[in-house]
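The figures that follow rest on heavy atoms only: side chains count, while hydrogens, waters and symmetry mates do not. All values reported here derive from a predicted model rather than from experimental measurement.
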Amino acid sequence: MNSLSPRAAIGLFLIVVLAWGVNWSVTKQLVQFLPPLWTSAIRSWIALAGLFVILGLSDNLVIPERRDIPVVLSVALLHMTIFSVLVAAGVRFLPASKAIVLGYTTPLWVAIAAPLLGQDTLTAPKLAGALLGLIGLAVILNPTSIDWTNSNVVLGAGMVILAAMSWAANIIYIRAHRWIASPLQLLIWQVLVATIVLTGSAIIVEGLPHAEWSRKLVLLFLYSGLIGTALAYWAMSMVNKSISALTTSLGTTGTPIVGIASAAILLGEPLDKSLVIAAALIIAGIGLATLGDRLLRGQATARG
């Protein structure tokens with residue numbers, strides 16, 4: 001299956017948003033049983049097994065060429081390893097609802113960093129969107145929302161923001177890479193590298209895993225590994241081939257909304273005013289930077 005109908009692509013995209021949104025609450029529960037590195041490593045092993053089956057059945061298992069190795073390493077290390085571990089570590093000290101809002105500031109860091117690196121032009125909509133998002137970030141980090149006297153809470157918030165920056169760095173590199181194989185075909189190699197690095201790091205830093213295994217813990221890992229990681233990555237690769245980048249960029253802003261709702265339902269986290277305002281500002285900023293810039297470019301093209 002190389003492409004999807006518009007209806008199937010939108011349906012699959014909704015699954016991705018739901019899977020990623022709920023996965024933050026699942027991760028919050030997993031790190032209560034195991035430390036962050038082992039949480040990420042075990043989830044990655046499960047995802048690797050799931051992707052091997054999915055890509056094998058769809059005939060997308062290939063050996064990457066040398067020129068694709070840098071992008072394999074970039075995604076594996078910056079997104080699947082550093083982002084994953086920092087989020088898992090940060091969410092131990094933060095409510096999942098606040099963590100996901102901080103984690104999805106990634107597009108704002110891309111909008112700020114890409115022009116500085118000469119990859120893009122800082123247009124008015126991007127500047128306005130970035131400022132709006134940064135105001136939202138300030139709202140969620142205000143003393144009534146984040147307890148600045150609690151060093152663990154501050155550490156958790158810092159780790160999730162660093163995770164978002166790491167993901168942004170990966171996105172910027174991906175934009176500049178000239179692909180040989182498709183992102184879908186390289187996906188299993190990225191997960192394989194991440195799994196090896198995560199497992200080795202977990203053994204060195206945290207020792208062998210010790211957990212009281214239960215039906216709940218197994219189900220949480222199966223969801224996070226198969227649904228929140230393997231299925232979501234595969235589905236997103238399929239969606240990116242079938243609908244526009246603008247639609248996916250704007251659509252992924254729904255993930256924090258799902259994350260906030262799932263944290264309230266699954267974890268009983270309160271919906272405080274600062275969280276709602278911050279989420280609205282950050283999502284609006286991402287939307288303005290993405291949609292406004294696209295409209296501006298379209299007008300410039302129309303004028304020749």
| Steps toward side-chain contact (heavy atoms from CB on, under 4.5 Å) verdict (V193, L73) | CA-CA 7 Å; V193 172; L73 295 177; 4.1 Å; yes
| task | Check for a donor-acceptor pair, side chain of T255 on one end and backbone N or O of T252 on the other, with a separation under 3.5 Å. | result | yes
| request: List for me each residue that meets ring pair (Phe, Tyr, Trp, His ring centres under 6.0 Å) alongside F83, sequence neighbours excluded, and say none if there are none. | output: H79, W167
| said: For L162, is there any backbone N or O sitting under 3.5 Å from a side-chain donor or acceptor partner on S166? | reply: no
| Hey, is the main chain of S58 close enough, under 3.5 Å, to the side chain of N60 for a donor-acceptor pair? | yes
| query | Any idea which heavy atoms bring L51 and I188 closest together, and the distance? | reply | C-CD1, 4.1 Å
| query | Do S274 and S145 have side-chain N/O donor and acceptor atoms under 3.5 Å apart? | reply | no
| query | According to the salt bridge (charged side-chain N to carboxylate O under 4.0 Å, His left out) rule, which pairs have a member within residues 263-275, sequence neighbours left out? | reply | K98-D272
| Side-chain donor or acceptor of S40 paired with backbone N/O of P36 under 3.5 Å | yes
| task | Please list, chain by chain and in numerical order, all residues satisfying side chain to side chain donor-acceptor pair (under 3.5 Å) with T199, sequence neighbours excluded. | result | W45
Give the table of side-chain donor-acceptor pairs shorter than 3.5 Å for residues 16-23, with sequence neighbours excluded, one pair per line with atom names and distance.
residue	atom	partner	partner atom	Å
W20	NE1	G228	O	3.4
N23	OD1	S224	OG	3.0

| query | How far apart are the closest heavy atoms of W24 and V91, and which atoms are they? | reply | O-CG2, 4.4 Å
| Non-hydrogen atoms of L275 and P270 that approach each other most closely | CD2-O, 4.4 Å
| request: Without swapping roles, check the side chain of T27 against the backbone of A88 for a donor-acceptor pair under 3.5 Å. | output: no
| message | Looking at Q29, is its backbone amide N or carbonyl O close enough to the side chain of Q32 to form a donor-acceptor pair, meaning the two atoms are under 3.5 Å apart? | response | no
| query | Which pair of non-hydrogen atoms, one from G50 and one from L226, has the smallest distance, and what is that distance? | reply | CA-CD2, 4.0 Å
| request: Over all heavy atoms of both residues, which pair between V160 and G90 is shortest? Give the atoms and the distance, please. | output: CG2-CA, 4.0 Å
Using distance only, find each side-chain donor-acceptor pair of residues 104-115 under 3.5 Å and give its atom names and separation, not counting sequence neighbours.
residue	atom	partner	partner atom	Å
T105	OG1	L102	O	2.7
T105	OG1	W109	NE1	3.0
T106	OG1	G103	O	3.2
T106	OG1	A164	O	3.2

| field | Minimum side-chain heavy-atom gap Y233-I54 below 4.5 Å | value | no
| query | Does a side-chain heavy-atom distance below 4.5 Å link L220 with F33? | reply | yes
| task | Apply side-chain contact (heavy atoms from CB on, under 4.5 Å) to W179 and R67, showing your working. | result | CA-CA 8 Å; W179 299 78; R67 283 183 291 173; over 6 Å; no
| field | Check against side-chain contact (heavy atoms from CB on, under 4.5 Å), I161 and L141 | value | CA-CA 11 Å; I161 292 174; L141 293 176; 4.1 Å; yes
| remark: d(W38 CH2, R43 CZ) to nearest 0.5 Å is 14.0 Å
| query | Which ILVMFWY residues are connected to V139, directly or by a chain of links, through side-chain heavy atoms under 4.5 Å apart? | reply | L132, I135, I277, L281
